[in-house]
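Atom set for the values below is all heavy atoms of this structure, side chains included, hydrogens, waters and symmetry mates excluded. Predicted model, so just to flag it, every value in this text is computed and none were measured. Below, read A as the first sequence line, B as the second, and so on, with proteins coming before strands; counting in each chain starts at 1.
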There are 2 protein chains.
Amino acid sequence: MQTQTTPTGPQPQATGRSLEHPRREAIRLEDVLHALSDPMRMRVVRTLAEESAELTCSVIDLPVSKSTTTHHFRVLRESGVIHQIYRGTAKMNALRREDLEALFPGLLDSVLAAAALQEGRLGGDRG
Amino acid sequence: MQTQTTPTGPQPQATGRSLEHPRREAIRLEDVLHALSDPMRMRVVRTLAEESAELTCSVIDLPVSKSTTTHHFRVLRESGVIHQIYRGTAKMNALRREDLEALFPGLLDSVLAAAALQEGRLGGDRG
DNA sequence: GAAATAGTACGCCGATCGTCAAACTATACT
DNA sequence: AGTATAGTTTGACGATCGGCGTACTATTTC
C-alpha cells in the first residue's frame, strides 16, 4: 500500500499505517496549552525544538514506560502540537511550527523561552 | 488587623482573611499553562486583561455555579496567574502581569493574543 | 441585632489524567 | 522463516478534574 511520492534514498519509506492529525484550523488553544502543561510532553516539545528536525519517539527517552510515551506523543499529535509519520519501524516526530505560528503567533517561542528560563532558575533539572 | 497603606476613600479596606499566593519565584510554567487550559479560567484571565483593573469574582459571571467559580479562581491564584485580596464582602482579582512578565516574558501577551485570534476564527463565541 | 451580600468549605459525582504491565502488530534484517 | 526493533493496544490503578448543591462564614447595611 505504498503511496509515497518522494523517494529519499536508502531510508525506509512511509508506510500504510495512518495517523490522524487535526487540520490547522481545527487546532484549539486550550488543547495546545493542556498538551504543554505536562512536564514529559514539554520535554518532548523542547527536544524537538532544539533539534529542529524529525526525531523518532525512542530517541527522546522519557523516564516513563513505552506505553506512557506512546500516550504522550498521541496527546501532542491530537492537540496539533506535533506531526507524526511512520517510517519503517520508526515513527518520526516534528513540531508543527508553521501551523502553530500561523494560528498563535509567538506563542510557541515564548513558551519555549519560558521553559528555558525556568530551567535556568530551577537549576537545570528540566522538571 | 487593618494594615492597609493607601486608603482610597469610602470603599472598604482589606480585611484579616488571608489568601495564599505563591511567591514570584515559586510560580511554575506548567501550572500556569494548566490554569490557562480551561475555558472558564481563560475567560476570567481575558476579562481581567481587558479591564486591566481589579474586578470582583461576581462581576465576571461564568456560566457555572458559585462554588465552581470559587474553584476556578483558586486554581488561578494558586498557579500564580492572579492576585486576590478581600475588600469588605468582596474579593478583588487582578492579573499578576509583572510577575508573569518577569518570569515568562511575552507569554501572557501571546496567550491573550492567541485567544483573541481564535475567538475571531471561531465566530466570537468565546468558548 | 437582623437581613442582605459575597464568597468558602465540604462532600459527592462522573470524567479524564498519567502511569504501568502484558500482549500484540508492523517493519526490517539476516 | 526467524529474530530483532519500534511502537500500539488494552485494561487496570489511583489521582486529579470540573461540576454541583448545601450549609457555612465574613462583612456591610439597616
For [X] and [N], give me the distance from atom [atom1] to atom [atom2], rounded to whole Å.
{"X": "A:K66", "N": "C:dA23", "atom1": "NZ", "atom2": "C1'", "answer": "10 Å"}
{"X": "A:I82", "N": "D:dG7", "atom1": "CD1", "atom2": "C1'", "answer": "13 Å"}
{"X": "B:D61", "N": "C:dG7", "atom1": "CG", "atom2": "C1'", "answer": "15 Å"}
{"X": "A:E30", "N": "D:dC17", "atom1": "CD", "atom2": "C1'", "answer": "16 Å"}
{"X": "B:L19", "N": "C:dA9", "atom1": "CG", "atom2": "C1'", "answer": "14 Å"}
{"X": "A:I85", "N": "D:dG7", "atom1": "CD1", "atom2": "P", "answer": "14 Å"}
{"X": "B:N93", "N": "C:dA6", "atom1": "CG", "atom2": "P", "answer": "14 Å"}
{"X": "A:M92", "N": "C:dT27", "atom1": "CE", "atom2": "P", "answer": "16 Å"}

Pairwise N/O distances under 3.5 Å, protein to nucleotides 17-19 of chain C:
unit_1	atom_1	unit_2	atom_2	d
C:dG18	OP1	A:R41	NH1	3.4
C:dG18	OP1	A:R41	NH2	2.8
C:dG18	OP2	A:R41	NH1	3.1
C:dG18	OP2	A:H71	NE2	3.4
C:dT19	OP2	A:H72	NE2	2.3

At less than 4.0 Å, is any side-chain N or O atom of B:R74 found next to OP1 or OP2 of C:dG7? Yes or no. no
Within less than 4.0 Å of OP1 or OP2 of D:dT27, is there a side-chain N or O belonging to B:R87? no
In Å, rounded to the nearest 0.5 Å, how long is the span from CZ of B:R74 to CZ of B:R41? 11.5 Å
Among side-chain atoms of B:S65 and B:T68, is any donor-acceptor pair under 3.5 angstrom? yes
Go through the side-chain N and O atoms of A:S110 and B:S110 and say whether any donor and acceptor fall under 3.5 Å apart. yes
Donor-acceptor pairs under 3.5 Å, side chain of residues 53-60 of chain A to any protein atom, not counting sequence neighbours: which ones?
unit_1	atom_1	unit_2	atom_2	d
A:E54	OE1	A:R87	NH2	2.5
A:T56	OG1	A:S58	OG	3.4
A:T56	OG1	A:V59	N	3.3

Could you check whether B:T69 gets within reach of a base, just the sugar-phosphate, or nothing at all, counting any heavy atom under 4.0 Å? nothing
is_close_aromatic(A:H83, A:H21), centroid dist under 6.0 Å: yes
From the candidates C:dG7, D:dG7, C:dA28, the one with an atom nearest any side-chain atom of B:S58 is C:dG7
Are any of the side-chain nitrogens in B:D61 or B:R43 under 4.0 Å away from the carboxylate oxygens of its partner? no
NZ/NE/NH1/NH2 to OD/OE distance under 4.0 Å, A:R96 and A:D99: yes
